[in-house]
Asker: 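Below are the structure tokens for one structure; questions will follow.
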Amino acid sequence: MSSKLQLTTLAVLVSAALPAQAALYKVVEVAPGVSGNEVYGTAIQPSVAGVNCFDSGASSATCEGYKLAGETRNRPDGFSYREEVPFAMDNSFGYIEDDYDGFEDYCFYQLGYATCEYWASDRWSSWRNETYSSNTPNSLAFIEGGTVVNGINTVINSISPAGAFIGNYAPLDKSSRNVPFTGNLTGTWKQGRQWSSDDAYSVGSVSSRTGIDGERYYYYSKPAVWNGTTLNAVKWAYDDQQNGDYYAQGSMRDLYVDKSVTPNKFYGVGYNNYKDQHMNATIFEGSITDLTNLSSVQINDAQVDISGDNIHSNSVATNINKNLVVVGQAKRSGGYPKNGAAANRLFVVANANTPNAHFLNSSDGSIFFDGAGGEMGGINNFNEIVGRIDSENHREYDGKQRRQRAFIYPYGTSAQGSVESRKAIFNGKAWLLDDLTNGGTESNNNNQYRIYDASDINDAGVISATAVKCSGGYDSTSHNAYCGDGNKDETVVAVKLVPISDDTQRSIQTRGYDSTATERKGAGLSFGALTILGLFGFMRKRIK
């Protein structure tokens with residue numbers, strides 16, 4: 001399979017009529033040190049306290065030195081190596097039990113694309129390799145600078161303050177699909193995933209089989225907290241391991257420990273199991289002295305069942321910061337599309353103690369619109385949120401996937417922990433990151449890249465991301481510029497976005513739009529184009 005990305009849909013058009021934006025970042029490409037057709041940036045090393053890479057006195061060596069974690073792919077995941085259940089929603093395991101037909105059914109009923117045969121074939125072939133064939137290594141993970149993580153299918157979700165990589169892998173002996181890098185699995189727990197760590201505590205999930213031992217289906221899972229190496233499986237919000245064909249699931253994705261009170265108060269975010277086996281975005285709270293009995297509070301307006309209808313298929317809170325701002329996403333159910341799409345909508349909770357979801361929309365900036373889909377990447381302690389968002393708003397049902405682009409959103413007020421001097425750098429607005437990498441002394445280098453996904457951001461302002469690259473530069477600086485008049489191949493690469501510290505070099509130069517045809521010469525929709533459009537976040541669930 002070619003390692004190149006030839007595409008018509010990812011780098012041609014983005015949504016129209018964007019406002020003027022500022023060039024703030026230098027794009028630094030990161031070599032993976034491992035083989036793979038495509039390379040993705042998944043996490044950035046936490047920054048040293050007090051370092052702000054936007055400050056004029058910031059050291060470029062320090063700011064460019066924050067390490068990026070990433071992964072390669074030779075083919076798309078059959079279903080995500082990160083998720084407890086297929087497509088982050090199939091807690092009956094019915095879709096993958098039906099093999100190819102199940103993949104196509106999922107796409108047809110929950111995504112609605114006109115291209116479901118291609119979509120299903122691409123992912124089914126990968127799942128078949130893992131399940132029935134050789135299970136050759138697909139996802140190889142690395143930390144910038146040479147650290148390579150061994151395993152068959154390996155993911156890194158974050159880097160701890162001490163530099164430990166946090167994630168999971170499939171052992172080379174194929175004894176399990178997912179084992180956490182740190183912490184242990186005890187008792188009946190057969191699988192484990194980890195998402196975040198402050199070095200004292202790590203969070204994720206543990207899973208175990210039900211039914212015939214060795215059966216690849218029918219796992220239940222619980223949210224998990226590791227206190228050092230001690231595993232604490234957190235109770236379900238609704239304690240029902242199995243309800244008909246559905247199995248209880250839970251997962252914790254991030255944490256914050258409030259050390260100002262005694263005993264310290266623990267906050268976790270993720271999702272938990274609720275009545276009818278619904279997987280709802282959850283804030284976990286309690287004392288560090290009793291981690292198995294943390295309380296579970298679902299986030300209002302992001303839950304599956306709203307007024308008796310399963311409006312969402314499931315939802316998850318992905319990150320929390322020291323200001324207790326929580327971010328997450330809720331997948332619109334396939335039976336309840338909005339504005340022509342069953343989108344994965346992004347939300348913010350202003351304070352974990354008042355868990356109400358605010359879905360990002362045009363009131364938060366012109367890059368958002370009602371019904372837009374995307375993926376949350378992360379939030380730092382300055383309330384700077386990164387991720388990716390739909391950059392066009394055509395119908396996806398009976399049509400094609402919307403194009404997406406990476407964004408940053410400086411959220412909130414000083415009362416919510418935001419720092420006005422940092423917000424002012426962004427004019428207090430949300431931007432597509434492509435418009436913050438244009439112009440100035442870095443223009444020629446940056447014009448080789450269009451930023452697709454932003455997966456993490458540290459307090460210094462450095463961002464881990466994934467970009468599409470045209471080596472040597474696109475034909476113009478426009479959003480829809482060709483690569484070699486449409487005849488050159490583009491590649492998927494891991495990059496970090498490093499703030500430009502010299503404010504005299506931070507100019508406002510908006511990317512424009514070329515008046516060209518919307519089809520590239522000789523371009524085709526490769527596996528990579530589809531992979532990059534959907535690799536990291538499947539928040540999909542069948543209506544019950």
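Along the sequence shown, residues carry numbers from 1.
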Asker: Could you walk me through whether Glu130 and Asn135 pass the side chain to side chain donor-acceptor pair (under 3.5 Å) check?
Answerer: CA-CA 4 Å; Glu130 180 181 341; Asn135 196 15; 5.3 Å; no
Asker: Sequence neighbours excluded, which residues qualify as side-chain hydrogen bond (donor to acceptor under 3.5 Å, both in side chains) partners of Asn52?
Answerer: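 Scan of Asn52 (side-chain hydrogen bond (donor to acceptor under 3.5 Å, both in side chains), adjacent residues dropped) gives Asp55, Arg422.
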Asker: Which residues pass the side-chain hydrogen bond (donor to acceptor under 3.5 Å, both in side chains) test with Ser139, not counting sequence neighbours?
Answerer: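 Once residues adjacent in sequence are excluded, the partners of Ser139 under the side-chain hydrogen bond (donor to acceptor under 3.5 Å, both in side chains) criterion are Arg73.
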Asker: What's the verdict on salt bridge (Lys or Arg N to Asp or Glu O under 4.0 Å) for Glu83 and Arg193, showing C-alpha distance, side-chain angles and the deciding distance?
Answerer: CA-CA 8 Å; Glu83 297 293 345; Arg193 297 163 176 83; over 6 Å; no
Asker: To the nearest 0.5 Å, how far apart are OG1 in Thr437 and CG in Leu497?
Answerer: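 Those atoms lie 7.5 Å apart.
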Asker: How far does CD of Gln448 sit from OG of Ser471, to the nearest 0.5 angstrom?
Answerer: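 Gln448 CD to Ser471 OG: 5.5 Å, rounded to 0.5 Å.
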Asker: So Phe142 and Glu71, do their side chains get closer than 4.5 Å, heavy atoms only?
Answerer: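 No, their side chains stay 4.5 Å or more apart.
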Asker: By ring pair (Phe, Tyr, Trp, His ring centres under 6.0 Å), which residues pair with Tyr109, not counting sequence neighbours?
Answerer: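 In terms of ring pair (Phe, Tyr, Trp, His ring centres under 6.0 Å), with neighbours along the sequence ignored, Tyr109 is linked to no residue.
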Asker: Does Asp456 reach the side chain of Lys496, with side-chain heavy atoms less than 4.5 Å apart?
Answerer: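 They are not in contact (no side-chain heavy atoms under 4.5 Å apart), so the answer is no.
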Asker: Any idea which heavy atoms bring Glu396 and Ala341 closest together, and the distance?
Answerer: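 Taking every non-hydrogen atom into account, OE1-CB, 3.6 Å.
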Asker: Could you check if a side-chain atom of Leu432 sits within less than 4.5 angstrom of a side-chain atom of Ile389, using non-hydrogen atoms only?
Answerer: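 Yes; the side chains approach each other to less than 4.5 Å.
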Asker: Just by modelled atom types, is the Gly377 backbone N or O under 3.5 Å from a matching donor or acceptor in the Ser455 side chain?
Answerer: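 Answer holds: no.
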Asker: Counting N and O atoms only, with roles assigned by atom type, does the side chain of Asn480 sit under 3.5 Å from a partner on the main chain of Asp514, one being a donor and the other an acceptor?
Answerer: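 Yes, because the side chain of Asn480 sits within donor-acceptor range (under 3.5 Å) of the backbone of Asp514.
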Asker: Which heavy atom of Phe368 sits nearest a heavy atom of Ala430, and at what distance?
Answerer: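 So the minimum-distance heavy-atom pair works out to CE1-CB, 3.6 Å.
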Asker: Check the side chains of Asn381 and Asp459 for a donor-acceptor pair under 3.5 angstrom, ignoring hydrogens and angles.
Answerer: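 Per modelled atom types, Asp459 and Asn381 side chains form a pair under 3.5 Å.
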Asker: Between atom CG of Leu360 and atom CD1 of Ile385, what is the distance when rounded to the nearest 0.5 Å?
Answerer: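 It comes to 6.5 Å.
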Asker: Working to the nearest 0.5 angstrom, can you tell me the gap between Lys26 NZ and Asn445 CG?
Answerer: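 Separation between the atoms: 7.0 Å.
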Asker: What class does the angle between the rings of Trp127 and Phe79 fall in, given that below 30° is parallel, 30 to 60° is tilted and above 60° is perpendicular?
Answerer: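 Judged by the thresholds at 30° and 60°, the geometry between Trp127 and Phe79 is tilted.
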Asker: Any luck finding a side-chain donor-acceptor pair between Thr477 and Asn447 under 3.5 Å?
Answerer: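 Judged by distance alone, the side chains do not pair up.
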Asker: Hydrogens and angles aside, do Asn323 and Asn383 bring a side-chain donor and acceptor to less than 3.5 Å of each other?
Answerer: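 Indeed, the side chains of Asn323 and Asn383 share at least one donor-acceptor pair under 3.5 Å.
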Asker: Who are the side-chain contact (heavy atoms from CB on, under 4.5 Å) partners of Ser121, not counting sequence neighbours?
Answerer: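 Here the qualifying residues are Tyr100.
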Asker: Would you call Lys331 and Ser313 a side-chain contact if the rule is heavy atoms closer than 4.5 Å?
Answerer: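 Side chain of Lys331 against side chain of Ser313, heavy atoms only: contact under 4.5 Å found.
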Asker: Any donor and acceptor pair, going by atom type alone, linking the side chain of Asn458 with main-chain N or O of Gly461 inside 3.5 Å?
Answerer: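 Looks like yes, one N/O pair under 3.5 Å.
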Asker: Listed by chain and number, what are the side-chain hydrogen bond (donor to acceptor under 3.5 Å, both in side chains) partners of Asn129, not counting sequence neighbours?
Answerer: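 Residues passing side-chain hydrogen bond (donor to acceptor under 3.5 Å, both in side chains) with Asn129: Arg75.
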Asker: Between Arg123 and Ser125, is any side-chain donor less than 3.5 angstrom from a side-chain acceptor?
Answerer: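 No.
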Asker: Quick check: do Phe359 and Leu346 have side-chain heavy atoms less than 4.5 Å from each other?
Answerer: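 Phe359 vs Leu346: side chains apart.
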Asker: Begin from the C-alpha positions of Glu392 and Arg403 and carry the test salt bridge (Lys or Arg N to Asp or Glu O under 4.0 Å) through to its verdict.
Answerer: CA-CA 6 Å; Glu392 55 189 9; Arg403 240 175 255 69; 2.5 Å; yes
Asker: Any sub-3.5 Å donor-acceptor pair from Gln249's side-chain atoms to Val85's backbone N or O?
Answerer: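 A pair under 3.5 Å: no.
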Asker: Which heavy-atom pair separates Ala281 from Ser315 by the least distance, and what is that distance?
Answerer: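 Between these two residues, the closest heavy atoms are N-OG, 2.8 Å.
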Asker: Can you find a side-chain donor-acceptor pair between Tyr66 and Glu64 that sits under 3.5 Å?
Answerer: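 No - no donor-acceptor pair under 3.5 Å links their side chains.
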Asker: Within this structure, what is the CG-CG distance for the pair Leu255 and Asn319, rounded to the nearest 0.5 Å?
Answerer: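 It is 10.5 Å, given to the nearest 0.5 Å.
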Asker: For Thr318, give me all partners under side-chain hydrogen bond (donor to acceptor under 3.5 Å, both in side chains), at least two apart in sequence or on another chain.
Answerer: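 Listed in chain order: nothing, the list is empty.
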Asker: Which residues pass the ring pair (Phe, Tyr, Trp, His ring centres under 6.0 Å) test with Tyr169, not counting sequence neighbours?
Answerer: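 So Tyr169 forms a ring pair (Phe, Tyr, Trp, His ring centres under 6.0 Å) with Phe181.
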Asker: List the atom of Ser196, the atom of Asp254, and the distance in Å for their closest heavy-atom pair.
Answerer: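 In this case the closest contact between Ser196 and Asp254 is OG-OD1, 2.9 Å.
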Asker: Stepwise, does the side chain to side chain donor-acceptor pair (under 3.5 Å) test hold for Arg253 with Ser251?
Answerer: CA-CA 6 Å; Arg253 303 298 175 86; Ser251 179; 2.8 Å; yes
Asker: Looking at residues at least two apart in the chain, or sitting in another chain, which of them share a side-chain contact (heavy atoms from CB on, under 4.5 Å) with Glu29?
Answerer: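 Applying side-chain contact (heavy atoms from CB on, under 4.5 Å) to Glu29 gives Tyr449, Lys469, Val493, Val495.
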Asker: For residues 367-398, pull every pair meeting disulfide bond (SG atoms under 2.5 Å apart), keeping only residues two or more places apart or in separate chains.
Answerer: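 As it turns out, there is no disulfide bond (SG atoms under 2.5 Å apart) pair with a partner in residues 367-398 once direct neighbours are skipped.
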Asker: Give, for atom OG of Ser362 and atom CZ of Phe369, the distance between the pair rounded to the nearest 0.5 Å.
Answerer: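 Atom-to-atom, Ser362:OG and Phe369:CZ are 10.5 Å apart.
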Asker: Do the non-hydrogen side-chain atoms of Arg405 and His479 ever get within less than 4.5 Å of each other?
Answerer: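 No, too far: nothing below the 4.5 Å cut-off.
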Asker: Flag the pair Arg395 / Asn339 as yes when at least one side-chain heavy-atom distance between them is below 4.5 Å, and no otherwise.
Answerer: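 They are not in contact (no side-chain heavy atoms under 4.5 Å apart), so the answer is no.
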Asker: Quick one: are the ring centres of Tyr113 and Tyr397 less than 6.0 Å apart?
Answerer: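 Not close enough - the centres of the two rings lie 6.0 Å or further apart.
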Asker: Between the side chains of Glu375 and Asn344, is a donor N or O closer than 3.5 angstrom to an acceptor N or O?
Answerer: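 Looking only at side-chain atoms, Asn344 and Glu375 do form a donor-acceptor pair, the distance falling under 3.5 Å.
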Asker: Looking at residues at least two apart in the chain, or sitting in another chain, which of them share a ring pair (Phe, Tyr, Trp, His ring centres under 6.0 Å) with Phe382?
Answerer: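 None.
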Asker: Can you name the residues that form a side-chain contact (heavy atoms from CB on, under 4.5 Å) with Ser363, not counting sequence neighbours?
Answerer: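 Ser363: side-chain contact (heavy atoms from CB on, under 4.5 Å) contacts with His358, Asn361.
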Asker: For residues Glu384 and Asn380, is any side-chain donor paired with an opposing acceptor at under 3.5 Å?
Answerer: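 Yes.
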Asker: Do you know which two heavy atoms are closest between Gly334 and Ala342, and how far apart they sit?
Answerer: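 Reported closest heavy-atom pair: CA-CB, 4.0 Å.
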Asker: Which atom pair, heavy atoms only, marks the closest approach of Gly41 to Thr466?
Answerer: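 Residues Gly41 and Thr466, closest heavy atoms: N-OG1, 3.1 Å.
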Asker: Less than 4.5 Å apart, side chain to side chain, heavy atoms only: is that true for Leu436 and Ile408?
Answerer: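 Answer yes - side chains close enough.
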Asker: Between side-chain atoms of residues 152-160 and protein atoms elsewhere (two or more places apart, or another chain), which donor-acceptor pairs fall under 3.5 Å?
Answerer:
{"from": "Asn153", "atom 1": "OD1", "to": "Tyr81", "atom 2": "OH", "distance (Å)": "3.4"}
{"from": "Asn153", "atom 1": "OD1", "to": "Asn138", "atom 2": "N", "distance (Å)": "3.2"}
{"from": "Asn157", "atom 1": "OD1", "to": "Arg82", "atom 2": "NE", "distance (Å)": "2.7"}
{"from": "Asn157", "atom 1": "ND2", "to": "Gln194", "atom 2": "O", "distance (Å)": "2.8"}
{"from": "Ser158", "atom 1": "OG", "to": "Trp195", "atom 2": "O", "distance (Å)": "2.8"}
{"from": "Ser160", "atom 1": "OG", "to": "Ala162", "atom 2": "N", "distance (Å)": "3.3"}
{"from": "Ser160", "atom 1": "OG", "to": "Gly163", "atom 2": "N", "distance (Å)": "3.4"}
{"from": "Ser160", "atom 1": "OG", "to": "Ala164", "atom 2": "N", "distance (Å)": "3.0"}
{"from": "Ser160", "atom 1": "OG", "to": "Asp199", "atom 2": "OD1", "distance (Å)": "2.7"}

Asker: Answer yes if the ring centres of Phe103 and Phe87 are under 6.0 angstrom apart, and no otherwise.
Answerer: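 Between Phe103 and Phe87, the centre distance is under 6.0 Å.
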